[in-house]
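What follows is one structure encoded as structure tokens, with my remarks underneath.
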Amino acid sequence: QVQLVESGGTLVQAGDSLTLSCTISGNTFDINGMGWFRQPPGKEREFVAAIAWAAGPTNYADSVKGRFTISRDNTKNTLYLQMNSLKPEDTAVYYCAAGRPITKATNNVDYWGQGTQITVSS
């Protein structure tokens with residue numbers, strides 16, 4: 001089993017920057033990929049970014065490309081999401097995801113965190 005705990009969600013203003021963290025514990029040998037998803041109010045959960053647990057490429061949703069950066073520190077078992085130039089439409093609950101290589105499909109995720117709320121005011 002793998003446990004994921006997100007932190008860093010808060011209320012910010014449009015244009016601000018924020019970094020989310022996700023700490024991973026348990027059987028990390030199960031992890032090949034990690035990523036972030038988000039669920040805006042009243043909408044479905046959607047893919048944000050993904051990264052391989054070992055060396056490998058990153059992948060981003062078009063809506064965040066150029067503004068968000070996903071990274072990981074395997075020595076600390078931590079995943080990050082650096083978010084710049086935040087917009088009101090980035091308001092959502094952000095979820096850490098892990099397991100098999102992350103794709104845009106939510107049903108391809110083996111493990112989820114509990115989520116952390118980000119609210120971007122205009």
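FYI, the numbering just counts along the sequence from 1.
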For residues [X] and [Y], report the shortest heavy-atom separation together with the two atoms involved.
X     : Y     : value
Ser63 : Arg38 : OG-NH2, 3.4 Å
Pro88 : Ala14 : CD-CB, 4.1 Å
Met34 : Leu4  : CE-CD2, 4.2 Å

*Distance-only polar pair, side chains of Asn84 and Ser17, donor-acceptor under 3.5 Å*: yes

*When you look at Gln82 and Thr19, which way does the side-chain hydrogen bond (donor to acceptor under 3.5 Å, both in side chains) test go after all the steps?*
CA-CA 4 Å; Gln82 170 69 42; Thr19 300; 2.4 Å; yes

Donor-acceptor check, side chain of [X] to backbone of [Y], threshold 3.5 angstrom: yes or no?
X      : Y      : result
Arg72  : Ala54  : yes
Thr116 : Gly9   : yes
Asn108 : Ala105 : no
Thr78  : Lys76  : yes
Thr58  : Ala49  : no
Asn32  : Ala52  : no

*asked:* Does Gln39 form a side-chain contact (heavy atoms from CB on, under 4.5 Å) with Glu46? I'd like the steps, not just the answer.
replied: CA-CA 6 Å; Gln39 188 162 12; Glu46 63 186 24; over 6 Å; no

_Assess the residue pair Thr10 and Thr119 against the criterion (side-chain contact (heavy atoms from CB on, under 4.5 Å)); give the C-alpha distance rounded to whole Å, side-chain angles, the decisive distance to 0.1 Å, and a yes or no._
CA-CA 6 Å; Thr10 189; Thr119 302; over 6 Å; no

Do [X] and [Y] have side-chain heavy atoms sitting under 4.5 Å apart?
X      : Y     : result
Val120 : Asp16 : no
Trp53  : Leu79 : no
Glu6   : Ser21 : no

_Determine whether Trp36 and Ile70 satisfy the following criterion, side-chain contact (heavy atoms from CB on, under 4.5 Å), listing intermediate values before the conclusion._
CA-CA 8 Å; Trp36 293 94; Ile70 188 171; 3.6 Å; yes

*Gln13, CD: over 12 other non-hydrogen atoms inside 6.0 angstrom*: no

*For Lys65, does the NZ atom sit with more than 12 other heavy atoms under 6.0 Å from it, leaving out its own atoms?*
yes

Common cluster, [X]/[Y], ILVMFWY with side-chain heavy-atom separation under 4.5 Å:
X      : Y      : value
Ile102 : Leu20  : no
Ile51  : Val109 : no
Leu18  : Val48  : yes
Ile24  : Tyr80  : no

*Could you list all the ring pair (Phe, Tyr, Trp, His ring centres under 6.0 Å) pairs where at least one residue sits in residues 86-119, not counting sequence neighbours?*
Phe37-Trp112

*Is a salt bridge present between Lys87 and Asp90, judged by a nitrogen-to-oxygen distance below 4.0 Å?*
no

*Salt-bridge test for Arg100 and Asp30: reply yes if a basic N is under 4.0 Å from a carboxylate O, no otherwise.*
no

*Can you tell me how far the OG1 atom of Thr106 sits from the NZ atom of Lys104, to the nearest 0.5 Å?*
13.5 Å

*Is there any disulfide (SG to SG under 2.5 Å) pair reaching into residues 84-122, and which pairs are they, with sequence neighbours excluded?*
Cys22-Cys96

_For a side-chain contact (heavy atoms from CB on, under 4.5 Å) check, start with the C-alpha distance between Thr103 and Phe47, then their side-chain angles and the critical distance, and finish with the verdict._
CA-CA 8 Å; Thr103 68; Phe47 170 79; over 6 Å; no

